[in-house]
Amino acid sequence: QVSPVESGGGSVQAGGSLRLSCVASASGYTGSRYYMGWFRQAPGKGREGVAAIYTGGGSTYYADSVKGRFTISQDNSKNTLYLQMNSLKPEDTAMYYCAHSGSRITGFILNEGKYPYWGQGTQVTVSA
């Protein structure tokens with residue numbers, strides 16, 4: 001069982017930056033190659049993949065809407081995942097969720113259905 005816990009959300013003006021963190025505690029989980037990702041859900045919209053990273057090799061994946069502005073990274077020594085968000089826009093406003101795949105993924109990496117473990121989310125609000 002993996003239990004991600006997010007932190008770092010908040011309110012910021014457009015053009016500002018925030019860094020989200022996710023600590024994934026694992027009880028009985030011993031895998032070392034899996035994906036961790038950030039997803040977001042804005043009011044009235046479905047959940048969309050933002051960014052993901054493969055812990056086995058460090059490959060990263062981004063949604064087109066955040067490429068060049070967001071950076072996903074990990075600190076394996078701390079079991080922590082980060083999302084550095086720069087040049088934030090009002091359309092980035094959403095609840096952001098951290099997710100853990102539990103194993104390797106095939107196909108589209110930012111497919112939420114491939115992640116069985118989810119955190120409770122942290123709110124990001126960007127004002128114009």
More than 12 heavy atoms from other groups under 6.0 Å of CD on E91: yes
Distance, nearest 0.5 Å, that separates CD of E112 from CD of Q41: 8.0 Å
Transitive ILVMFWY side-chain link V23 to I53, under 4.5 Å: no
Spacing of OG1 belonging to T80 relative to CE belonging to M36, to within rounding of 0.5 Å: 8.5 Å
Derivation of the side-chain contact (heavy atoms from CB on, under 4.5 Å) call for I109 and Y115: CA-CA 9 Å; I109 302 302; Y115 294 79; 3.6 Å; yes
Expected output: side-chain K114 to main-chain T106 donor-acceptor under 3.5 Å: yes
Donor-acceptor under 3.5 Å (T93 side chain, V126 main chain): yes
Side-chain donor or acceptor of T55 paired with backbone N/O of Y34 under 3.5 Å: yes
Disulfide bond (SG atoms under 2.5 Å apart) contacts in which one or both residues fall within residues 54-128, not counting sequence neighbours: C22-C98
Separation between OG of S11 and CD of Q123, rounded to the nearest 0.5 Å: 7.5 Å
Within one Ile-Leu-Val-Met-Phe-Trp-Tyr cluster: L81 and L110, side-chain cutoff 4.5 Å: no
Test log, rule side-chain contact (heavy atoms from CB on, under 4.5 Å), inputs V12 and M85: CA-CA 11 Å; V12 65; M85 305 185 294; over 6 Å; no
Gap separating the CZ atom of F39 from the CE atom of M95, nearest 0.5 angstrom: 16.0 Å
Spatial distance of atom OG (S59) from atom OH (Y35) [nearest 0.5 Å]: 7.0 Å
Minimum heavy-atom distance S101-I105, with the two atoms named: CB-CD1, 3.6 Å
Basic-acidic side-chain contact under 4.0 Å: K67, D64: yes
I72 backbone acceptor or donor facing Y62 side chain under 3.5 Å: yes
Minimal non-hydrogen separation, S87 against R69, with atom names: O-NH1, 3.0 Å
Same apolar cluster: Y97 and V124, side chain cutoff 4.5 Å: no
Straight-line distance of S7 OG to L20 CG, nearest 0.5 Å: 8.0 Å
Atom CD of Q120 with >12 non-hydrogen neighbours under 6.0 angstrom: no
R40 and L83: CA distance, side-chain angles, deciding distance, side-chain contact (heavy atoms from CB on, under 4.5 Å) verdict: CA-CA 12 Å; R40 68 185 181 187; L83 184 68; over 6 Å; no
Main-chain N/O of G121 paired to E6 side chain as donor or acceptor, under 3.5 Å: yes
Aromatic contact, W38 with F70 (centres under 6.0 Å): no
